[in-house]
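A quick write-up on the structure given underneath.
Just so it is clear, the values below take in all heavy atoms, side chains as well, and ignore hydrogens, waters and symmetry mates. We count ligands from 1, going down the list as the structure has it; atoms in each ligand are counted the same way.
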Amino acid sequence: MKKILCVYYSQSGQLTQIVKNFTKPFEKSGNYSITFAPIEPVNDYKFPWKGYNFFDAFPESVNHIPCEIRPLNLENEDFDLIIFAYSVWYMSPAIPSNSFIMSDQAKRIFKNKPVITLLGIRNMWVVAQEYIKEKVNELGGNLVGNIVLQDRAENLTGIVTISYFLFTGKKDRFLGFFPKPGISDKDIANVDLFGEIVKNYFENNMLDKLQEELVKAKAVKINSYLSTVERMAYKRVFLKWAGFILKKGGPNNPSRKKRVKMFAYYFPFAILVIAPIEYIFFLIFAPFRIKTIKRDKEYFSGVKLK
Ligand SMILES: Cc1cc2nc3c(=O)[nH]c(=O)nc-3n(C[C@H](O)[C@H](O)[C@H](O)COP(=O)(O)O)c2cc1C
C-alpha cells in the first residue's frame, strides 16, 4: 500500500471538501492508505470573521509570522506522496498553513518526498505559491504538481461575495442576485479529475511530467493582470503596511489598534480605486509587454523555482 498524507487548514470547510474530492480516485482504487491531517492552531482563528480580527491577521500573514499549532497527529511520518492544501490570506499562505510549513515536523515529513500543492482561494495566489515553492525546496521536498481552484466571479464582484462569505459564514447569494461566493460547487465536485491525473502519473513514475499535464487540463490558470498587480501590491504596499503595524506589537496588541484600523480604511480604497486605475495602465502597456506576460504565464503555471 502506498501512503498519502493530506495536510490542510480550512475554516469554512471549503478546502476540506476540495481535499476529500481530490483524493477520491486514490481511495476508490483501494491501493492507498490516505491520512487526512488538519492543521490545528492552539488558538484558532474564529470563523466567520469579525472586522477587526480580519485586519489584525494582516501583518502576520504578510510577514510569514507563525502562530502556535498542535503537531499533526501521525503514527508514522513516512509517506510516499504529500498533498499540501492551503488557502491564501493577504497574498500569503494562511497563517496556520505557514506555521506548519515552518515546523520541525514539516522538515521530517517533506524531506526527499514528492509534494503536490492544492489551493482553494479567491483569485490571488502567485506570491504565496512562490514562497511555498521556496519553502518546499528548503525542506528538501520535491514540488511536482500544483492545482489551483479559484472563484470564477469577476474581480470586483468576487470581492463583494467573498466578504459576505467571510463575515457571515454563508455561501448563499448575497442580496439574492450576486453569484454564490467562493469556489463553485461544480469545480469542487470535479477536482477528482485532477486527482485522477496525479494518480496516473504517480503510478507510472512520471511525476516529473505531471505539471505539464495539469496545465493542459487547466488545473492552473494565470490571469496576467492579477498576477502583475498582486506582485506589485505585495512588495510596494503590503510589506510596508505590515512593517508599519508590526512596530506596535504582535496579534491583538492594543497599541497597534490604531494602525490596524488605518489599514482597514486603506484596504477597500486600494481595491476599489487604485486597482481599477492599475488595470487601465496594465491594458495600455500590455501590447509592449507581450513577451514578459507570456514568460510570466509559463513560469507561474509551473512548479520550478526561478
Ligand atoms: C484573512 C483572509 C485574507 C484572504 N486573502 C486572500 C488573498 O489574498 N487572495 C485570495 O485569492 N484569497 C484570499 N482569501 C480567501 C481564502 O484564500 C479562501 O478562499 C477562503 O478563506 C476560504 O477558505 P477556507 O477553506 O479556509 O474556508 C482570504 C481569506 C481570508 C480569511
Side-chain angles (χ1 to χ4, degrees), residues 6-22 36 38-41 44-65 67 84-98 100 117-132 148-171 180-185 187-188 191 220-223 225-227 229-235 237-239 241-242 245 251 260 263-264 267-268 270-271 275 300:
C6 300
V7 187
Y8 57 96
Y9 173 79
S10 178
Q11 291 193 297
S12 66
Q14 177 176 268
L15 190 60
T16 309
Q17 194 60 51
I18 292 169
V19 169
K20 294 275 157 86
N21 288 350
F22 176 81
F36 295 100
I39 298 164
E40 291 176 18
D44 206 354
Y45 294 83
K46 291 213 169 58
F47 186 83
W49 288 81
K50 293 248 185 323
Y52 183 80
N53 295 350
F54 181 80
F55 292 106
D56 198 49
F58 166 79
E60 281 70 27
S61 303
V62 169
N63 275 28
H64 306 138
I65 299 171
C67 66
F84 179 64
Y86 71 96
S87 59
V88 169
W89 291 2
Y90 299 112
M91 302 174 191
S92 316
I95 296 173
S97 304
N98 178 51
F100 169 72
T117 41
L118 173 60
L119 281 69
I121 48 100
R122 189 178 79 80
N123 67 4
M124 289 199 182
W125 58 275
V126 301
V127 171
Q129 181 67 4
E130 280 309 286
Y131 168 79
I132 290 294
V148 181
L149 263 60
Q150 51 190 313
D151 195 337
R152 284 181 184 244
E154 175 281 319
N155 190 31
L156 288 178
T157 311
I159 288 167
V160 175
T161 55
I162 196 97
S163 307
Y164 172 69
F165 176 38
L166 296 178
F167 291 115
T168 64
K170 292 183 192 162
K171 227 184 171 188
K180 276 174 94 180
I183 298 159
S184 75
D185 293 341
D187 288 347
I188 295 177
V191 70
V220 195
K221 284 175 242 149
I222 306 293
N223 176 318
Y225 159 66
L226 290 177
S227 72
V229 167
E230 182 188 346
R231 280 175 289 149
M232 236 159 52
Y234 182 79
K235 222 163 134 183
V237 183
F238 274 25
L239 282 173
W241 267 103
I245 298 171
V260 171
F263 175 70
F267 192 60
I271 289 172
F300 289 118

Note to self: Distance alone, cut at 3.5 Å: any donor-acceptor contact between the side chains of Y86 and Q129?
What the structure shows: yes
Next item on the list: Show which atoms of ligand 1 fall inside a sub-4.0 Å distance from at least one heavy-atom site of L15.
Entry: 25 (O)
Next item on the list: Working to the nearest 0.5 Å, report the span between CD1 of I18 and NZ of K20.
Entry: 12.5 Å
Check: Where is the nearest protein heavy atom to atom 27 (O) of ligand 1: which residue, which atom, and how far?
Finding: S12 OG, 2.5 Å
Margin query: Is there a polar contact, in the sense of an N or O pair closer than 3.5 Å, between R122 and ligand 1?
Written below: yes
Item checked: Nitrogen or oxygen atoms of F47 and ligand 1 under 3.5 Å apart -> no
With a cut-off of 3.5 Å and sequence neighbours excluded, list every side-chain donor-acceptor pair involving residues 45-54.
{"unit_1": "W49", "atom_1": "NE1", "unit_2": "Q11", "atom_2": "OE1", "d": "2.9"}

Check: Measuring from the heavy atoms of Y90, does anything fall under 4.0 Å of ligand 1?
Finding: yes
Checklist line | Distance filter under 4.0 Å to S10 heavy atoms, resulting ligand 1 atoms | finding: 24 (P), 25 (O), 26 (O), 27 (O)
Checklist line | For atom 4 (C) of ligand 1, the option (of V126, V88, I95) bearing the nearest heavy atom | finding: V88
Note to self: K180 and side chain to side chain donor-acceptor pair (under 3.5 Å): which single residue from D185, T161, D151 fits?
What the structure shows: D185
Note to self: Tell me the protein heavy atom at minimum distance from atom 31 (C) of ligand 1, and give that distance in Å.
What the structure shows: W49 NE1, 3.3 Å
Margin query: Please report whether ligand 1 has a polar contact with I162, defined as an N or O pair separated by less than 3.5 Å (distance criterion only).
Written below: no
Notebook entry, point to check: Out of curiosity, is A57 lining ligand 1, as in a heavy atom under 4.0 Å away?
Noted result: no
